[in-house]
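A short write-up of the structure that comes next.
Atom set for the values below is all heavy atoms of this structure, side chains included, hydrogens, waters and symmetry mates excluded. Letters go in sequence order (proteins before strands), and every chain restarts at 1. No experiment lies behind these values; they were computed from the predicted model shown.
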Amino acid sequence: MDVLSKPANELGELILSGAISIVDLIDKVYERIMKLESKVNAIITLRSRSDLLKEAENKEKEIKRGAAKGLLFGVPVAVKDNISTKGIRTTCGSKILENYVPPYDATVVKLLKKEGAIIICKTNMDEFAMGSSTETSYFGPTRNPWDLERVPGGSSGGSAAVLAAGIVPLALGSDTGGSVRCPAAFTATVGLKPTYGLVSRYGLIAYANSLEQIGPMARNVTDVALLLNVISKYDENDGTSIPGSRPDYMYSLSNPYHIKGSLKVGLVVEMMGEGVSDEVRKVILRALDKISGEGIEIEEVSLSSLKYALPAYYIIAMSEASSNLARYDGVRYGFRAKIDGDWNKVYMETRAQGFGLEVKRRIIMGTFALSAGYFDQYYLRALKVRTLILNDFRRAFKKFNVLVGPTMPILPFKIGEKIKDPLAMYMCDIETVSANLAGIPAISIPAGFIGNLPVGLQIMAPPLHEELLLKISKIFEDKIGLRNLIAPL
Amino acid sequence: MEKLKVKIGLEVHVQLTKLKTKLFCSCPSDYRGKPPNTYVCPVCLGLPGSLPKVNSKAIEYAVMVALALNCKINRKVMFFRKHYFYPDMTKNFQITQYDRAGGAPIAVNGYLKLSTSDKEKVVRIRRINIEEDPGKLVYPTGSIITSPYTLVDYNRAGIALLEIVTEPDIETPAEARLFLQKLRSILEHLDVCDCGLEGAVRTDANISVAGGGRVEIKNIGSIKDVEKALMYEILRQKEALLKGLSIRSETRHWDDVRKVTVPLRVKEEEQDYRYFPEADIPPIIITEEFIEKIAKQMPELPDERLKRFQREYGLPYYDSSVLVSNKKLADFFEETVKLYKRNPKKVANVIINDFLRWIHEKGLELDNVKAKPKDIAELLKLLDNGIISIKIAKTVLPEIIVSGKSPSQVVKERKLLKISDKQIIRQIALKIFREHKKAAFDALKDKKAINYLIGQIMKYTKGRADPAVTGKVVKELLTDLKEGKLKL
Amino acid sequence: MEKLLEHLSWLARVKLCNYERKLLVNDIAKIMEFFNRLGEIDVKDVEPTTHVIELVSVFREDKPGKPLSLDKALKNAPSKEGGFFKAPRIL
Ligand SMILES: [Mg+2]
Ligand SMILES: [Zn+2]
């Protein structure tokens, strides 16, 4: 039995029944990391083997005592390195936080621990989640397990790569403008960005706080639902956490076809237009072909405001980033430049040395968009465009249960291909940012391949309709027939 | 030089010291006197990933203050980020309130009425913000200029502040003082701020003289200093105008050691705070019911209390206004009256004329005065019962203020009991007559000499001789002397 | 554009080296043009969205919790002294 390729929802049961030894499992995870990490570079911080084995042994003792419980008992999980882990360094892919060890756990990490998950490692990411390729990491780019010359997408590229490389079955990412869905699409895995406020952001190091959510990533839809079950909970530490209980997403998947009436799927024409490569378009249309029929109607729909989603997103994201990253001054934590000088001089030099170019670019542009004389023209206007986009989605969801389109407009590109041209890189997010602007849930599932390069299908649902979204994703997954894929390495 | 038009606006930062926790986290708020950085958590340290969570009581307190200052309370309140970079700021932005992008501060458009000697003065309140306090910087050499580095204590970071901003309606430094005194009394009556605590109330004062540039004096720690700083600034600006210089807009710092204002920034640059909505805090909806509930629970405010003092205790306006200008003083008065019901006016007199004077003289605050209302009541009773004289009472008062001993204990220890025994006083008087023979004979025709003799007796008895009895005895002795019955 | 970049670099407190300055001057122009696309759309009478999910603040009770230990509070500080964080001089 190859334990590393097992879906998490099976693994948990096998562990609790004693069919799989946790120590053995963790050992195999560790071995695989040792074998592949030098090729993939998906991990920033790996917990020590002895720590991991000790935790595995303790968990096995709990099983023997009959005290073991939890949805993810003994299941290895990877966590993106912008999610705070008490006692484990959390770098955000940046030099400025190279040695930062949080004194507290993010709420999602607490929830993982409560359900018995074993956190294996902190995964590589674009610096401060600013990027779509995981190339801007201070710790070097992560490589796509499907083609080591290419990027795995970003910014949660490390999380996607450890899944595609068959290292762990579950990972957490974060999605500000597509950072969960983009790498899911580029690595033939599944990644969900939940409704804004469904999952607590407490402990998630902010890049653009009005847009981002922590999202579950896995190799199949059911595992994504399982991980969402664990992390979606009202959190009183997060003022934007939506109060109230959450449905059991796993339970809803037990009978996904139980959706009343026929299913209306809207294919967003703005997402299939200019900028989308012919290859991607072809794969998406082929996948939709497989899906349609049997009570699933697919129709085109236009959301005209989406044309403006990308600039509106970048204005908002960069503005918020310029504010969120102001705290990195080298006084309370993080890197400080070793120069003599007054506060302003040391502050400026610390950031000159501590931040990478893309982070600087975004801080500067965000400062610009908020600055005196430009606020109304840029930031305020972007917030208004956000309203128009929100309204367009509301209108579309009156007619359609879900909306679909490609997750990424292009195939995974070569490392270094776009990094020198920021606008070309920003264009990669054209399909994903509107879900963040509208706060709605969106998922990427494998749609097909061009050669060995994956293409993702994006499905979007109204706010708080994760249950429906996962059910439909499960149906599509069945029909497309791509799941539990591990790159041949 | 003719009188120049002065316009003063105040920006008062009031710590809500009666809250148990900080504004956005549950760190305890009683940071004073605690070792540095022991009252901090991920939120108030601005650790990456931490998020603010609004203290419900802070909103309640803000609404109370807004009602007391006759403000319009906004129904949808939003927080904003204000960016400025300083090591006492844990996020390098301050969460405060602003009125852009559909946002609004908690309250706007209020007023506060002051009664000055000749008129009633209305100072308009522009707005009230809820915001967070920064941490505290410590300069190892004691000076910002010479310190080679800065030490930072974040215990204060995140303490809830109200920023109360007036329109430039104030015309003199004395009015500014009156405004602040009244504001302080209101805050204390509302029980939201213990204004006597160090740093609990800090004021920025904006002043322009004769239409010159607006000068902002930052961070003045006491009411007295606000008055002094404004007086200094008016003088400075007048002198400059006389020399034909123009006053430029600038920010100045109040040096409370040298009692002067000094320019704060060397390089004067335009501030660009880049306010924008705080997405981490959803809008706060303040309902009509909430405001009504608070309004019903509002305690008695100084203006109402003043009227009640006039009505209930029959005090004149002046006495009442002095007493309610300070909540603790008004409380002290009422406590004393409870124990000495027969004459509230007498209590007011003692408190206003003697008690306050001594507190000042000893350089004390009402808080560290040891005498309690029961002591003042007891003193008055001792006086009424003829056990001590007025003069003795006046020597006992300062002692009980400092020592905390009861008046009767002081009287006993210092043998200050009144001498009203006629025989004893007669003997003393005789001794004085014999020692001041000339005065005694002069006294037969000169009233001044009589007073001199009485004075000598009082001096000899250290004021303990009963004045009435003494007067009588001296009169009798003089009669005897005149009739030859007394030989000196 | 150089002057604007200089100003923004100060306003954001991010020092730039010559190489970065050369790149960013170019980028700013392009990104501004990209931002300016929003000028095409009519937003008259449109309310801004400041909070995408319509929530109202849920308050925290005024009940004290446990602060971090001094040790933990200072653990990540690059420089400290006697329980204080040590920052550069102000002037
Ligand atoms: Mg302020
Ligand atoms: Zn705190």
Highest number of heavy-atom pairs under 4.5 Å with chain C: which of A:S210, A:P243, A:A312, A:G197?
A:A312

Closest non-hydrogen contact found for C:R13 with A:R351 is O-NE, 2.9 Å

Under 4.5 Å from any heavy atom of chain C, what part of A:Y426 do you find: side chain, backbone, both or neither?
side chain

Region of C:L68 in contact with chain A, defined by heavy-atom distances below 4.5 Å:
side chain

Given side chains that start at C-beta, do those of C:L91 and A:W343 come closer than 4.5 Å, heavy atoms only?
no

Within the 4.5 Å heavy-atom criterion, are A:F368 and C:L11 side-chain neighbours or not?
no

Comparing A:L310, A:L390, A:T195 against chain C, the one with the most heavy-atom pairs below 4.5 Å turns out to be A:L310

Under 4.5 Å, counting heavy-atom pairs only, tell me which of A:S322, A:A438, A:G341 racks up the most with chain C.
A:G341

Honestly, the part of C:V58 sitting under 4.5 Å from a heavy atom of chain A is side chain

Heavy-atom cut-off 4.5 Å, strictly under: side chain, backbone, both or neither for C:F85 against chain A?
side chain

Scanning both residues in full, the closest heavy-atom pair of A:L388 with C:D42 reads CD1-O, 4.0 Å

Distance check, rounded to the nearest 0.5 Å: C:L38 atom CG versus A:I315 atom CD1?
4.5 Å

Give, for atom OH of A:Y374 and atom CG of C:L4, the distance between the pair rounded to the nearest 0.5 Å.
5.5 Å

Here the pair of heavy atoms bringing A:M365 nearest to C:I31 is CE-CG2, 3.5 Å

At under 4.5 Å between heavy atoms, what parts of residues 44-52 of chain C are in contact with chain A? List them by residue number.
C:V46, C:E47, C:P48, C:T49, C:T50, C:V52

Closest approach of C:L55 to A:S241 (non-hydrogen atoms, all atoms of both residues):
CD1-O, 3.9 Å

Tightest non-hydrogen contact, residues A:Y308 and C:R37, listed as CE2-O, 3.5 Å

I'd like to know which of C:M32, C:K86, C:R60 tops the heavy-atom pair count under 4.5 Å against chain A.
C:M32

To the nearest 0.5 Å, how far apart are CD1 in A:I364 and NE2 in C:H7?
11.0 Å

Applying a strict 4.5 Å limit to non-hydrogen atoms, the region of C:E33 in contact with chain A is neither

Within a 6.0 Å radius of atom NZ on C:K30, are there more than 12 heavy atoms belonging to other residues, nucleotides or ligands?
yes

Among A:N99, A:N237, A:I363, A:I242, the residue with the most heavy-atom pairs under 4.5 Å to chain C is A:I242

Under 4.5 Å to a heavy atom of chain A? For C:S9 that would be both

Please flag which part of C:I41 lies under 4.5 Å from any non-hydrogen atom of chain A: side chain, backbone, both or neither.
both

Can you find a heavy atom in the side chain of A:T240 that is under 4.5 Å from one in the side chain of C:I53?
no

Taking all non-hydrogen atoms of both residues, which atom of A:R381 and which atom of C:G39 are closest, and how far apart?
NH2-O, 3.5 Å

Max heavy-atom pair count under 4.5 Å with chain C, selected residue of A:D342, A:D421, A:L357, A:L380
A:D342

Contacting region of A:K338 [heavy-atom separation from chain C under 4.5 Å]
neither

Counting only heavy atoms closer than 4.5 Å, note whether C:I28 contacts chain A via side chain, backbone, both or neither.
both

Considering only heavy atoms, give the residues of residues 70-77 of chain C separated from chain A by less than 4.5 Å, sorted numerically, with 'none' for an empty result.
C:K72, C:K75, C:N76, C:A77

Could you grab the distance from atom NZ of C:K80 to atom CZ of A:R332, nearest 0.5 Å is fine?
14.5 Å

Other residues, nucleotides and ligands only: do more than 12 of their heavy atoms fall within 6.0 Å of NZ on A:K360?
yes

Contact check, side chains of A:R361 and C:V14, non-hydrogen atoms, under 4.5 Å
no

Give the intermediate values and the outcome of side-chain contact (heavy atoms from CB on, under 4.5 Å) for residues C:N36 and A:Q377.
CA-CA 9 Å; C:N36 283 337; A:Q377 188 185 342; 3.9 Å; yes

So that I can tick it off, tell me whether A:R362 and C:D27 are bridged by a salt bridge, with the cut-off set at under 4.0 angstrom between side-chain N and carboxylate O.
no

Does the side chain of A:M427 reach to within under 4.5 Å of the side chain of C:F34, using non-hydrogen atoms?
yes

